[in-house]
Amino acid sequence: MHKYRVSMHVVGAGLMGTMQLSQRIAVATSLIAAYATSDRWFALSALLGSFRHGNTAYDRMFASVARKSGLGEGAKEAASTNLGLIPGLLVPNVLSEIYARTVHSAPATVTVLCAGLHL
């Protein structure tokens, strides 16, 4: 077994629940952004955003796993950078292409697609 592999039971259910709740709130705010008919819905979207703590939970989980695995700050930073490299390069191009093709027929397609990807 690889020495850096740590099972998810080390992380804790509380952080996983927080991350799942954060993703569900992100789905709700994306759908509100796509289908809102008044300014009140956008205010609700901002209010819901204040309950999203998924990034904080992820950072705590990542630090906990790195600490239990004996990883240093350099290795942790490299792993974090590697996780975001491919999505950071591909996703904006893919979503821009989808938007360009559907802007006249269904402009909310990209927002709804992002909401679905949050699930």
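- Rounding to the nearest 0.5 Å gives a distance of 11.0 Å between OG of Ser22 and CZ of Arg24.
- Residue pairs that meet the salt bridge (charged side-chain N to carboxylate O under 4.0 Å, His left out) test with at least one member in residues 28-40, sequence neighbours left out, do not exist here.
- Hydrophobic cluster membership for Leu90: Ile86 (Ile, Leu, Val, Met, Phe, Trp, Tyr linked by side-chain heavy atoms under 4.5 Å, directly or transitively).
- Put simply, Val27 and Tyr35 are part of the same group of oily side chains (I, L, V, M, F, W, Y) that touch within less than 4.5 Å, one to the next.
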For residues 97-111, dump all side-chain donor-acceptor pairs below 3.5 Å to protein atoms at least two apart in sequence or in another chain.
residue: Glu97; atom: OE2; partner: Arg101; partner atom: NE; Å: 2.7
residue: Glu97; atom: OE2; partner: Arg101; partner atom: NH2; Å: 3.1
residue: Thr102; atom: OG1; partner: Ile98; partner atom: O; Å: 2.8
residue: Thr109; atom: OG1; partner: Ala106; partner atom: O; Å: 2.6

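- Residue Leu48 belongs to a hydrophobic cluster whose other members are Leu21, Ile25, Ile32, Trp41, Leu44, Leu47, Phe51, with links defined by side-chain heavy atoms closer than 4.5 Å.
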